[in-house]
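In what follows, a single structure is set out as structure tokens and then discussed.
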Amino acid sequence: MTISKRQTSMRTHMCGEIGTSDISQTVTVCGWVAKRREHGDKLAFVDLRDHSGIVQCVIDNAVDVRSEYVVKITGVVRPRPDGTVNANLSTGAVEIGECVVEVLRSAEPPPFPVDARADDVDENVRLQYRYIDIRRERMQKNLRTRAKVNSAVRTAMENQGFVEVETPMLVPSTPEGAREFLVPSRKEPGSFYALPQSPQLWKQLLMVAGIDRYYQIARCLRDEDLRADRQYEFMQLDAEMSFVTKDDVLGAISEAVMAAAEAVLGERPPQIEQITWLDAMNRFGLDKPDMRFGMELIELTSVFAGTEFKAFSQAESIKGIRVDGATYPDAAAYGRSKLDALTDRAKQIGAKGLVWMKVGEGLALDSPVAKFLSDAERAALVAAMGAQPGDLLLLVADTWSTTCDVLGTLRNDIGRPPVHEGPYRYVWVIDFPLFVGINATTGKPQPGHHPFCQPHPEDIERLESDPMSVRALAYDLVLNGWELGSGSIRIHEPEMQRRVFRQLGISDEDADRRFGFFLQPFKYGAPPHGGFAFGTDRLVAILAGEENIREVIAFPKTQSGSDPMTNAPTPVGAAQLNELGIRLLPPPAKS
Ligand code: ASP
């Protein structure tokens, strides 16, 4: 027997879909009792809920149904009496009368109300009873938005000729940068698998294998501290293509993202713009710029080129942001404590200090620092920043990267709208540096993305002499200040891969030992290739208007990495450990 999308052997209609066109019809609905109200001795109103919504049923008061009982109700649809129509409910014009009620399952009272009031319940409790939390409209909507995104992404990739290939979950440790989850081997005690940080190496090998266009909605696992936009395990649309340049990859991924956005919001976003990493840093201070608002960083180093003010003359870079009084009217009235808090925040991010200036009438600068600047410097500063009375100017003088970092963060703190507000602003950030910073343990550069990114052809000659200045053919996709994902054109020549590994402090012998399985195949004819991966949890969260990806994941871990429902992670018994050849150290002393 085939069943329709909604009907089953047990029901004829979904609760939320009953309307005036069903009047006089006999219907059967199934669901959970959302609410029961007595109506005199004889009658009770029951709001019955399924994922589609709620319908009011008028039942015999003697029937014992309570909150969250699972029931089947058969009755006749009729208009609600005058004056009792509920405009807030899709089914608010009708009710089901003459009801025959069958209790399919009784239920204990739920630990929290199964409606919007649960938003205020402690998240641990929501997660402990996630199966009840998910009954709520918000979670139902979010999980269905998620399914829409996955389905739209799949269709978009398949329409572009991508082939879905699954890659293994038990893999060796790979040098992609994140801390890995390890899985002990029973057959080879003392040896470990890693859970994949991403299918990176496998998708590249699929290119060597001639698959040409691969995609997968892949589960990735990283043992990193959790945040609002990060879980240990998360989903990515992972893709790789052969015989391509950057624009081919960006085009294919843009198509998938736009299809997902259109499926959820009903309208296709405009062409995604591009900005270089260097421009993003100079203008917005961060490599994931939220371009929905202005307050861009203003370059001031040359304004203070000849200054006698030590804090400025000794700095590599001076930049400022103008918190304009017209948009942020209270900025000029910030009191001491607010300004001190901004300064503390700047120091926390790594600045030596923060210079603030309030712009008064006649463009006079009110600031503890103003007296150290010459008239000409003050005038040049006001001109460079386009300052107006009522503005608050914030300046940082430090290394270039600290200046960017601090002002980029303060700009977000002060001006960033909630994630779901304002237009959706997608941007490709291109030309990331090949290396970022120096690894404290090895003293060697660290990869900007991962070690498989192709160095920019214009910069390759400086790979050994000035590695930190080399750009990569690497790019990120950013939406409203959230990094959705990254990708690159890959190295496909073993010798170039070795040159990059050497810069990272991985010798040829080390590379052969650890990644021989990856380097070896490249000798057998690797095509030029590139790819990308974006986090579908993050995309769904933004499209669903949620600030936290936990709200769009059915069974997430808490911020501290545990699962209040199953209590994972849990200790295991000695027998299981013995089998794996593992003996535990005493737990570290609590500090
Ligand atoms: N594997 C990378 C990541 O997960 C994405 C890519 O370079 O394709 O971030």
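Remember, it's 1-based here, ligands and their atoms both numbered in the order they're listed. Throughout, residue positions are numbered sequentially from 1 according to the sequence presented. Bear in mind that the values here come from a model prediction, so they are computed numbers and not experimental data.
The two residues Q497 and P451 come nearest to each other via the heavy atoms NE2-O, 2.9 Å.
Close contacts between ligand 1 and K203 involve ligand atoms 6 (C), 8 (O) [criterion: under 4.0 Å to a heavy atom]. Every atom of ligand 1 with a heavy atom of S198 under 4.0 Å away is listed here by number and element: 1 (N), 4 (O). For ligand 1 and G487, the ligand atoms under 4.0 Å from any heavy atom of the residue are 6 (C), 7 (O). Within the listing of ligand 1, atoms 4 (O) sit less than 4.0 angstrom from a heavy atom of Q236.
Put simply, the side chain of E296 never gets that close to the backbone of F284: no donor and acceptor are under 3.5 Å apart.
Contact annotation for F532 and ligand 1: only backbone heavy atoms (N, CA, C, O) come within less than 4.0 Å of the ligand. Heavy atoms of R490 found under 4.0 angstrom from ligand 1 belong exclusively to the side chain. With a 4.0 Å cut-off on non-hydrogen atoms, H450 touches ligand 1 through its side chain and not its backbone. Under 4.0 Å from ligand 1, not a single heavy atom of Q197 appears.
In this view, N159 satisfies the side-chain hydrogen bond (donor to acceptor under 3.5 Å, both in side chains) rule with no residue, not counting sequence neighbours. Residues meeting the side-chain hydrogen bond (donor to acceptor under 3.5 Å, both in side chains) test with E273, sequence neighbours left out: R425.
The shortest N or O to N or O distance between S488 and ligand 1 is not below 3.5 Å.
Using a 30° and 60° split on the angle between ring planes, F532 and F534 fall in the tilted class, from 30° to 60°. Below 30°, between 30° and 60°, or above 60°: for F432 and W277 the angle between ring planes is between 30° and 60°, a tilted geometry. Between H492 and H529, the ring planes are perpendicular. Angles over 60° get that label, and only those under 30° would be called parallel. Using bins of under 30°, 30° to 60° and over 60° for the plane-to-plane angle, the ring pair W428/Y475 lands in the perpendicular bin.
The closest protein non-hydrogen atom to atom 5 (C) of ligand 1 is S486 O, 3.3 Å.
Taking only non-hydrogen atoms, the option from Q200, Q204, H449, R222 nearest to atom 9 (O) of ligand 1 is R222.
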